[in-house]
Amino acid sequence: MNCRFCGTLLTDTFIDLGAAPPSNGYLSRDDLTKPEVYLPLKVLVCHSCLLVQTEGYTGANELFHPDYAYFSSTSTTWLAHAARYCTMIRERLHLGKQSFVIEIASNDGYLLKNFVAEGIPCLGIEPTASTAEAAEKQGIPVLHEFFGLPLGEQLCSDSRQGRSHHRQQCVCPYA
């Protein structure tokens, strides 16, 4: 496997935790009589750029399916952390109504709801339907997609051309 950032052949293991079933991969009654799928939990580090990354063994659609069950808002300590983070970053970056916040893997809106409450425009990018719908019920605009290079390029292109999927224009510093 090559590094996802610089393309160097990955040879160094950062940590190997063996194998485990996918998290939140609940089994149906019919699945209980079949062997459960286990995936390796091996993390590699690139000796060239130092990016730490997992080995890729399954497609994102297999992990983040329509029945995906994890909702970030179920953790009160995580909600409190998200609120503190939003206050800190809003003050540090002087975020306001002219700003635009994008969260990749926005889940159920646990983070972005804090920006919405402050009147700061935002956009969630979330592939799982159940969590994206929960965020939308809180008034958070969400793109129901996986984030990857094509979507990143499209968002930057739309921004440069004055078009967007949302009401504010964003600036992509990497375009």
Side-chain angles (χ1 to χ4, degrees), residues 1-26 35-75 77-82 84-86 88-93 95 99-112 114-115 122-132 135 140 142-160 164-166 170-175:
M1 177 176 155
N2 291 337
C3 176
R4 290 180 179 99
F5 182 71
C6 73
T8 299
L9 180 65
L10 295 173
T11 58
D12 301 321
T13 299
F14 184 77
I15 190 168
D16 188 343
L17 300 173
S23 60
N24 298 305
Y26 302 116
E36 189 166 8
V37 173
Y38 278 72
L39 302 171
L41 295 174
K42 188 174 184 181
V43 180
L44 305 167
V45 62
C46 177
H47 69 269
S48 180
C49 71
L50 302 180
L51 179 66
V52 176
Q53 53 207 291
T54 60
E55 287 184 306
Y57 280 96
T58 187
N61 287 327
E62 294 175 45
L63 297 175
F64 302 102
H65 46 78
D67 296 329
Y68 185 75
Y70 182 74
F71 283 69
S72 297
S73 293
T74 59
S75 170
T77 55
W78 187 242
L79 288 174
H81 167 75
R84 287 190 309 272
Y85 172 80
C86 288
M88 179 279 299
I89 202 68
R90 189 184 76 238
E91 293 170 0
R92 180 186 289 180
L93 299 180
L95 300 177
S99 305
F100 190 71
V101 176
I102 296 176
E103 183 185 13
I104 298 168
S106 58
N107 199 266
D108 62 1
Y110 72 95
L111 181 75
L112 292 180
N114 297 287
F115 293 110
C122 60
L123 175 68
I125 299 174
E126 175 56 47
T128 62
S130 56
T131 56
I140 300 166
V142 179
L143 285 179
H144 295 237
E145 296 182 43
F146 283 102
F147 184 83
L149 185 59
L151 179 56
E153 288 174 339
Q154 182 63 48
L155 290 170
C156 288
S157 174
D158 287 353
S159 176
R160 285 192 301 271
S164 73
H165 299 282
H166 37 77
C170 64
V171 176
C172 180
Y174 305 107

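Just so you know, residue 1 is the first one in the sequence shown, and it goes up from there. Values below: every heavy atom of this structure, side chains too, minus hydrogens, waters and symmetry copies.
In this structure S106 satisfies the side chain to side chain donor-acceptor pair (under 3.5 Å) test with no other residue, sequence neighbours excluded. Remark: T77 pairs with S75 by the side chain to side chain donor-acceptor pair (under 3.5 Å) rule, at least two apart or across chains. Under the rule for a side chain to side chain contact (heavy atoms under 4.5 Å, CB included), the partners of N2 that lie at least two apart in sequence or sit in another chain are L9. Listed by chain and residue number, nothing satisfies the side chain to side chain donor-acceptor pair (under 3.5 Å) test with N114 (two or more places apart in sequence, or in another chain). For Y68, the ring pair (Phe, Tyr, Trp, His ring centres under 6.0 Å) partners are F64, not counting sequence neighbours. Here H144 pairs with nothing under the ring pair (Phe, Tyr, Trp, His ring centres under 6.0 Å) rule; sequence neighbours left out. By the side chain to side chain contact (heavy atoms under 4.5 Å, CB included) test, S73 is found to be paired with L79, D108, Y110, residues two or more places apart in sequence or in another chain being considered. Under the side chain to side chain donor-acceptor pair (under 3.5 Å) criterion, E55 pairs with Y57, sequence neighbours left out. Applying the side chain to side chain contact (heavy atoms under 4.5 Å, CB included) rule to L17 yields the partners I15, L41; only residues at least two apart in sequence or on another chain are considered.
Residues N107 and S72 share a closest heavy-atom pair of OD1-N, 2.8 Å. Nearest heavy-atom pair, V45 versus L50, reported as atom, atom and distance to 0.1 Å: CG2-O, 3.8 Å. Of all heavy-atom pairs spanning C46 and T8, the tightest one is SG-CB, 3.9 Å. Pairing each heavy atom of F115 with each of C86, the nearest pair is CE1-SG, 3.3 Å. Nearest heavy-atom pair, C49 versus C6, reported as atom, atom and distance to 0.1 Å: SG-SG, 3.9 Å. Closest approach of L155 and F147 over heavy atoms only: CD1-CE1, 4.5 Å.
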Intermediate values then yes/no, side-chain contact (heavy atoms from CB on, under 4.5 Å), L123 and F100: CA-CA 8 Å; L123 175 68; F100 190 71; 3.5 Å; yes
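Interatomic distance, F146 CZ to T128 OG1, rounded to the nearest 0.5 Å: 8.0 Å. With rounding to the nearest 0.5 angstrom, the CG atom of L151 is 6.0 Å from the CG atom of L143. Within the model, atoms CZ of F71 and OG of S130 stand 4.0 Å from one another, a figure rounded to the nearest 0.5 Å. A distance of 8.5 Å separates CG of L111 from CH2 of W78, quoted to the nearest 0.5 Å. One finds the NE2 atom of H47 at 9.0 Å from the CG atom of L10 (value rounded to the nearest 0.5 Å).
The side chain to side chain contact (heavy atoms under 4.5 Å, CB included) with L44 is formed by just one residue from the set L51, D12, T13, D16; it is T13.
Without hydrogens or angle criteria, E103 side chain to G124 main chain gives no donor-acceptor distance under 3.5 Å. Remark: the backbone N or O of R4 is paired with a side-chain donor or acceptor of Q53 at under 3.5 angstrom.
Under a cut-off of 6.0 angstrom, the local environment of OH in Y70 is crowded, with over 12 non-hydrogen atoms contributed by other residues, nucleotides or ligands.
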